[in-house]
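Position 1 is the first residue of the sequence; numbering continues from there. Remember, predicted model here, so these are calculated numbers, not experimental data.
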Amino acid sequence: MAQIKVLPPHLVNQIAAGEVIERPASVVKELVENSLDALSTDITCEIVSGGLEAIIITDNGSGIEREDAKTAWERHATSKISSQDDLFSIKTLGFRGEALASIASVSQVEMETKTGSDMSGVFLKITDGVVSEERDCGCPKGTKISVFNLFYNTPARRKYIKSSNTEHKRIVEVIQDLALANPSVSFRLISDGKASLDVSATSLPERIADLLGRDVLDNIIHLDMGGAGFRLEGYVGKPSLSKSNRKSQWLILNGRVIQNHLISYAVKSAYHSLLMNGKHPWFLLNLTVQPEDIDVNVHPRKLEVRFLRQNELYDAAYKSIDAVLNKNTLITNVNFGAPIKSENRVMSFEERSPRGIKEHIEDENRQDSFGVFQKGRIEEPKLKPIQQIANSYILAQDEEGVVIIDQHAAHERVMYEKLMSALAEKSATSQPLLAPMSVELSLQETETLGENISVLEEIGFAIESFGGNTFLISAVPSDIAGKDIVSIFKGVIDDLINDGRSDELQSRREHLLHYAACRSAVKFGQKLSYEEQAGLLAQLSEIDRKETCPHGRPTMIRITYDELEKRFKRKNF
């Protein structure tokens with residue numbers, strides 16, 4: 001007896017549905033993407049019980065021609081490709097033609113559709129994947145597809161579906177993603193008769209504000225870079241928007257929301273030393289690439305793609321984001337409420353300033369602990385210190401508002417940038433010590449020193465063995481000369497022991513610089529003179545990425561003058 005059989009069509013469709021239709025959100029995604037391919041500008045999604053009882057997608061798109069209405073529900077029936085060449089130059093969100101057949105095989109479906117040229121629409125009812133009713137109907141231009149009792153005939157699959165609340169949240173995420181990818185389209189989501197989401201056609205910044213909040217919009221940076229065969233446009237977030245998961249990352253390729261570890265890694269790499277360990281950057285990026293340079297047919301749900309020139313794309317994405325982060329202010333703006341626009345005249349910096357800095361510098365030749373008050377320095381820094389708070393924070397002001405600086409985090413960033421720059425340029429300078437310092441290490445500390453001594457020497461240390469676990473330090477990086485050398489040195493070794501990170505040289509080098517910067521920076525709780533405060537702020541103003549320490553913690557926050565005037569009810573209240 002023959003054991004190999006050709007499966008019946010309905011079973012084939014149910015197997016295919018297992019790859020494409022995992023849950024109600026999968027149905028919503030496929031149907032809304034079809035609506036977008038039909039050039040819809042207004043899309044409504046209605047769900048009941050998290051989509052398990054009903055999913056109804058209504059659009060105002062081009063509709064389906066009467067003679068194509070039944071064919072659309074057959075497996076691998078599509079209007080989007082017609083040849084093998086088309087498969088490698090996909091310009092639409094859907095293309096394989098399996099979605100409608102898969103949905104119909106595990107649910108009960110009704111469709112109303114009408115094109116702009118037809119006098120009336122067509123109604124179809126599909127039962128068990130087969131059209132069971134067809135008739136004319138009155139309906140507006142566009143398409144309405146109603147999906148009832150999802151997985152009613154596959155109970156084993158239905159029992160793995162989560163609660164209706166969980167499924168509702170998944171659908172909200174899908175609609176939100178598609179709405180962010182298509183700001184020129186209006187979207188509505190109605191769940192159990194209540195509106196969960198309702199956004200009108202608008203610009204991308206306003207869509208971000210509508211869906212993610214005005215605070216997010218206030219802390220993102222616009223990016224628009226082009227290259228050979230690609231364009232990268234969108235927004236990256238200030239470090240304050242980073243999260244411990246990747247849910248605040250949207251990569252949109254030619255209008256398709258995708259996942260791509262290569263691009264995500266390029267973005268995160270560009271945030272080098274701006275983020276705390278375990279944090280992921282916020283970004284919403286629209287990537288436009290020639291269709292023939294990508295393969296979107298490598299994932300059943302079309303979530304991942306393959307790039308033809310992935311190394312070039314990685315380099316371009318990294319350099320673009322690195323450049324925009326370096327040239328923009330990343331300081332977090334603190335808002336107590338919705339921003340208020342004002343036509344009132346903004347006072348000049350001098351009008352706001354209660355005192356100037358020059359009056360505090362009596363001796364231009366004075367050398368303070370930050371080394372900035374030297375003869376000939378007459379440029380007045382934009383960020384002026386006002387007062388040290390709790391020997392830990394510096395209250396300052398600039399032309400935009402009041403700024404509060406974490407003195408340790410700020411100086412740590414300054415020290416890190418100095419060490420990193422010297423290392424990159426191979427220009428690290430050492431300060432010989434009048435007498436070598438003896439340091440005795442434990443066995444573990446000795447082993448860690450041996451693993452990292454080349455990097456320590458690269459940044460300016462001169463270290464030699466004095467027998468056993470004793471070492472002599474005869475020179476140190478110039479920037480930490482005069483400090484507690486032994487404490488800094490042993491602290492860095494201790495940090496490396498507790499790190500437990502990659503053994504890769506570049507990774508260890510960067511982490512060592514983090515620790516050296518941290519250990520040599522001014523301490524939290526250390527009293528600073530006014531000149532020292534001014535010196536730190538002057539050095540901070542001269543470096544890139546000043547808004548976070550090397551570990552990703554913020555160095556400063558700002559409260560704008562507009563925000564202060566609003567809170568004190570001096571205008572627009």
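- Among residues two or more places apart in sequence or in another chain, the side chain to side chain donor-acceptor pair (under 3.5 Å) test is passed with Thr555 by none.
- With contacts defined as side-chain heavy-atom distances shorter than 4.5 Å, the pair Leu217/Tyr235 does not qualify.
- By the 4.5 Å heavy-atom criterion applied to side chains, Leu536 and Glu532 are not counted as neighbours.
- Minimum interatomic distance between Ala179 and Arg207 (heavy atoms only, all atoms of both residues): O-NH1, 2.7 Å.
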Test Glu445 against Leu449 for side-chain contact (heavy atoms from CB on, under 4.5 Å), laying out the working first. CA-CA 6 Å; Glu445 290 171 333; Leu449 174 61; over 6 Å; no

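- A salt bridge links Arg558 with Glu400: the distance from a Lys NZ or Arg NE/NH1/NH2 to an Asp or Glu carboxylate oxygen falls below 4.0 Å.
- With sequence neighbours excluded, no residue satisfies salt bridge (Lys or Arg N to Asp or Glu O under 4.0 Å) with Glu447.
- Arg214 and Glu206 are joined by a salt bridge, as a carboxylate oxygen and a charged side-chain nitrogen come within less than 4.0 angstrom of each other.
- Counting heavy atoms from C-beta on, the side chains of Phe187 and Val32 come closer than 4.5 Å.
- Within the structure, ring-ring contact (aromatic ring centres under 6.0 Å, His included) pairs that include any residue of residues 384-403 comprise Tyr393-Phe524 (at least two apart or interchain).
- Not a single donor-acceptor pair under 3.5 Å links the side chain of Asn286 to the backbone N or O of Gly255.
- Counting heavy atoms from C-beta on, the side chains of Ile559 and Val403 never come closer than 4.5 Å.
- The distance from the CG atom of Leu325 to the CG atom of Leu274 is 6.0 Å, given to the nearest 0.5 Å.
- A salt bridge is absent between Glu173 and Arg170: the closest approach of a Lys/Arg side-chain nitrogen to an acidic carboxylate oxygen does not fall below 4.0 angstrom.
- For Ser196, the side-chain contact (heavy atoms from CB on, under 4.5 Å) test picks out His168, Leu189, Ser191, with sequence neighbours left out.
- In this structure, Asn391 has no side chain to side chain donor-acceptor pair (under 3.5 Å) partners at least two apart in sequence or on a different chain.
- Of the possible donor and acceptor atoms, one in the side chain of Asn326 sits under 3.5 Å from a partner among the backbone N and O of Asp322.
- Note that the CG atom of Leu383 and the CD atom of Gln397 stand 9.0 Å from one another [nearest 0.5 Å].
- Without hydrogens or angle criteria, Ser541 side chain to Ala538 main chain gives a donor-acceptor distance under 3.5 Å.
- Judged as a side-chain contact (heavy atoms from CB on, under 4.5 Å), and not counting sequence neighbours, the contacts of Ala201 are Ser186.
- Between Ile43 and Ser40, the shortest heavy-atom contact is CG1-CB, 3.9 Å.
- Remark: side-chain polar atoms of Asn260 are paired, donor with acceptor, to backbone N or O of Ile263 under 3.5 angstrom.
- To the nearest 0.5 angstrom, Ile221 atom CD1 is 10.5 Å from Trp282 atom CH2.
- Of all heavy-atom pairs spanning Asp224 and His222, the tightest one is CB-CE1, 3.7 Å.
- Minimum heavy-atom separation, Gly401 to Tyr561: N-CE1, 3.2 Å.
- Here the side chain of Ser430 pairs a donor or acceptor atom with the backbone of Gly460 at under 3.5 angstrom.
- Applying the side chain to side chain donor-acceptor pair (under 3.5 Å) criterion to Ser200, with sequence neighbours excluded, gives no partner residue.
- For Asp42, the side chain to side chain donor-acceptor pair (under 3.5 Å) test picks out Arg188, with sequence neighbours left out.
- Considering all non-hydrogen atoms of both residues, Leu275 and Ser242 come closest at CD2-CB, 3.7 Å.
- With hydrogens and angles disregarded, no donor-acceptor distance shorter than 3.5 Å links the side chain of Ser26 to the backbone of Pro24.
- Rounded to the nearest 0.5 Å, atoms CG (Leu537) and CD (Glu542) are 11.5 Å apart.
- No donor-acceptor pair closer than 3.5 Å links the side chain of Gln388 to the backbone N or O of Tyr530.
- For the pair Leu197/Val199, a side-chain contact is recorded, criterion being any heavy-atom separation below 4.5 Å from C-beta on.
- A distance-only check finds a donor-acceptor pair linking the side chain of Lys546 to the backbone of Ile543 [under 3.5 Å].
- Sorted by first then second residue, the salt bridge (charged side-chain N to carboxylate O under 4.0 Å, His left out) pairs that include residues 403-413, not counting sequence neighbours, are Asp406-Arg553, Arg413-Glu417.
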Should His280 and Lys243 be marked as a side-chain contact (heavy atoms from CB on, under 4.5 Å) after you check the CA-CA gap, both sets of side-chain angles, and the distance that decides it? CA-CA 5 Å; His280 302 278; Lys243 291 188 175 182; 5.9 Å; no

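- The shortest side-chain heavy-atom distance between Asn452 and Ile493 does not fall under the 4.5 Å cut-off.
- Scored by the salt bridge (Lys or Arg N to Asp or Glu O under 4.0 Å) test, Glu167 finds Arg23 as partners (sequence neighbours excluded).
- Annotation: side-chain contact (heavy atoms from CB on, under 4.5 Å) contacts of Lys327 (sequence neighbours excluded): Val324.
- Atom NE2 of His261 is separated from atom NZ of Lys268 by 13.0 Å, given to the nearest 0.5 angstrom.
- The NZ atom of Lys279 sits 8.5 Å away from the CG atom of Asn245 when rounded to the nearest 0.5 Å.
- Across all their heavy atoms, Ala517 and Leu419 have their closest contact at N-CD1, 4.1 Å.
- Every residue two or more places apart in sequence or in another chain that forms a side-chain contact (heavy atoms from CB on, under 4.5 Å) with His272 is listed here: Tyr416, Met420, Glu510, Arg545.
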Let me see the working for Ile252 and Leu285 under side-chain contact (heavy atoms from CB on, under 4.5 Å), right down to the final yes or no. CA-CA 6 Å; Ile252 302 159; Leu285 297 172; over 6 Å; no

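- Leu211 is listed as a side-chain neighbour of Leu180, based on a closest heavy-atom distance under 4.5 Å.
- Counting heavy atoms of neighbouring residues, nucleotides and ligands inside a 6.0 Å radius, atom NZ of Lys523 exceeds 12 of them.
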For Ile175 and Cys45: C-alpha separation, side-chain torsions, deciding distance, then whether side-chain contact (heavy atoms from CB on, under 4.5 Å) applies. CA-CA 9 Å; Ile175 297 294; Cys45 173; 4.2 Å; yes

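- Counting heavy atoms from C-beta on, the side chains of Gln539 and Lys418 come closer than 4.5 Å.
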